Undergrad: 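Here it is, the structure in full.
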Amino acid sequence: MNFRLALLSGAAFALSASAVAQDANIDGRVGKLEKEMRAVQRQVFPAGAGKFIAPDIQSPTIAQPETPSTTSATSDLLVRVDALEAQLATLTGQVEQQGNNMRGLEARLKILEAQLASAQLASAPQETAVPAIAQATTAPSVLPAAAPVPAAVTVKPKPVVAAAKPVATTAKPSAARVAAVAAIERPATGDAFEDGYTYGFRLWEAKFYPEAQATLEETLKTYPKHRRASFLRNLLGRAWLDDKKPATAVKIFYDNYKADPRGERAPDSLLFLGSALTDLGKTAEACEAFGELSRAYQDIATGRLADRVTAGKTRAKCK
């Protein structure tokens, strides 16, 4: 009798130890899956600020049978594991899709950048080379018809006037503009980055766009890794966009989003990227930018930027 009791006690202990080991194993799987889930969600929702989206692990239409506590706990853990694995697979697919979308958008933006560079080169006035002898001596007002033409001279239909002055590429600001810019207060708090950013903002706000661009670019060059660089790059893009130079703005906005997708102004840069692409007539690419904004920053796209996103999509005629 005592022998039978010992055998039964041993069997019960073995079963109990097996159940504990199984629970511990499942707990480990659940913990690992939840960590992987959070890592994937940080990629899919970079502006989620660490929020964890809990999976729906139990169907409300299925009644849960009453079982002993150990079996119930094990079943619950198994359901959690299945649900986490399913959601992890879904999120992984979203990450891959998001990556494909961004690679496609980046490729199209590079093509657009090359097209714009070619168009600017084609529209630029061609320079006329002047032979060295013409620079060293005073030439007559009009070249004689019988004189040999040096190889370096580009012949034009009308006579070439040697005394013509070179055309200035950048207009000198007027005295009134210089005085107006000087009237903008330059902060001096001792924080060089914040002072540069604030001064650039004040110049931009006063519509002194070239001066704002120069100030912001110099500050970014000095502090490229500053914690608020996302703000500065976004403002720099707006200074170019408001200066009616959307091609330059496109590159700055996209670089700001790509360099720091978790930056505080990354969603804003996607918004203005769409606006700049619309200005360039690239409405398909603009709609992609707006779509990426809605996917990656859903809370912001439907929150503080909702009206601007709707207006941008309407202007680009997004479907």
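The shown structure was predicted, so the numbers you read here are calculated from the model rather than taken from an experiment.
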Undergrad: Compare every heavy atom of Val181 with every heavy atom of Glu211, then report the nearest pair and how far apart it is.
TA: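 Looks like OE2-CG2, 3.9 Å.
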Undergrad: Please find the pair of heavy atoms, one from Arg233 and one from Ala259, that lie closest to each other, and give the distance.
TA: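 So the two residues come closest at NH2-CB, 4.3 Å.
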Undergrad: Would you give the length of the straight line joining atom CZ of Arg186 to atom OG1 of Thr198, rounded to the nearest 0.5 angstrom?
TA: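 Rounded to the nearest 0.5 Å, the CZ-OG1 separation comes to 11.5 Å.
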Undergrad: Between Thr283 and Thr278, is there a donor-acceptor pair closer than 3.5 Å when you use the side chain of the first and the backbone of the second?
TA: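 Not a single qualifying donor-acceptor pair exists.
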Undergrad: Give a yes or no on this: more than 12 heavy atoms of other residues, nucleotides or ligands lie within 6.0 Å of atom CZ of Arg202.
TA: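 It does: Arg202 CZ has more than 12 such atoms within range.
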Undergrad: Does Tyr257 form a side chain to side chain contact (heavy atoms under 4.5 Å, CB included) with Leu273? I'd like the steps, not just the answer.
TA: CA-CA 9 Å; Tyr257 167 66; Leu273 172 62; over 6 Å; no
Undergrad: Search all heavy atoms of Gly200 against all heavy atoms of Thr215 and return the closest pair with its distance.
TA: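 Between these two residues, the closest heavy atoms are N-CG2, 3.9 Å.
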Undergrad: In terms of side-chain geometry, is the basic nitrogen of Glu194 or Arg228 positioned less than 4.0 Å from the acidic oxygen of its partner?
TA: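 Yes, charged N to carboxylate O under 4.0 Å.
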Undergrad: Side chains of Asn234 and Arg265: do they bring a donor and an acceptor to under 3.5 Å?
TA: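 No pair is found: no donor N or O on one side chain lies under 3.5 Å from an acceptor on the other.
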Undergrad: Below 4.5 Å, heavy atoms only, C-beta onward: do Asp191 and Phe193 meet side chain to side chain?
TA: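 Yes; the side chains approach each other to less than 4.5 Å.
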Undergrad: How close do Ala276 and Ala249 get, heavy atom to heavy atom, and via which atoms?
TA: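 Closest pair (atom of Ala276, atom of Ala249, distance): CB-CB, 4.4 Å.
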Undergrad: Apply the salt bridge (Lys or Arg N to Asp or Glu O under 4.0 Å) test between Asp268 and each candidate in Arg304, Arg238, Arg308; give the one that qualifies.
TA: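 The passing option is Arg304.
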Undergrad: Would you say Asp279's side chain and Pro246's backbone share a donor-acceptor pair under 3.5 angstrom?
TA: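 Absent.
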Undergrad: What distance separates Leu236 CG from Trp204 CH2, expressed to the nearest 0.5 Å?
TA: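 Leu236 atom CG to Trp204 atom CH2 measures 12.5 Å (nearest 0.5 Å).
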Undergrad: Mind listing the closest non-hydrogen atom pair of Phe253 and Gly237 along with its distance?
TA: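 The pair with the smallest heavy-atom distance is CZ-C, 3.2 Å.
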Undergrad: Are the side chain of Asp195 and the backbone N or O of Thr189 linked by a donor-acceptor pair below 3.5 Å?
TA: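 Between the backbone of Thr189 and the side chain of Asp195 there is a qualifying donor-acceptor contact (under 3.5 Å).
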Undergrad: Is there a path of hydrophobic side-chain contacts, each under 4.5 Å between heavy atoms of I/L/V/M/F/W/Y residues, joining Tyr199 to Phe231?
TA: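 No, because Phe231 and Tyr199 fall into different hydrophobic clusters, even though each may have its own neighbours under 4.5 Å.
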Undergrad: Under a single-linkage definition using a 4.5 Å side-chain heavy-atom cutoff for Ile, Leu, Val, Met, Phe, Trp and Tyr, are Phe272 and Leu232 assigned to the same hydrophobic cluster?
TA: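 Looking at the clustering, Leu232 is in a separate group from Phe272.
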Undergrad: So, are Arg295 and Glu292 salt-bridged, with charged N and O less than 4.0 Å apart?
TA: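 The answer is yes: the pair qualifies as a salt bridge.
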Undergrad: Out of curiosity, Phe290 CZ to Glu285 CD, how far, rounded to the nearest 0.5 Å?
TA: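 Phe290 CZ to Glu285 CD: 12.0 Å, rounded to 0.5 Å.
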Undergrad: Let me confirm one number: the CG-OG distance from Asp242 to Ser275, rounded to the nearest 0.5 Å.
TA: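 Between atom CG of Asp242 and atom OG of Ser275 there are 10.0 Å.
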Undergrad: Before accepting this row, confirm whether a basic side-chain N of the pair Lys225/Asp260 lies closer than 4.0 Å to the acidic partner's carboxylate O.
TA: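 No, no charged N to carboxylate O under 4.0 Å.
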Undergrad: Assess whether side chain to side chain contact (heavy atoms under 4.5 Å, CB included) is satisfied between Tyr254 and Ser269, documenting all intermediate values.
TA: CA-CA 7 Å; Tyr254 182 71; Ser269 286; over 6 Å; no
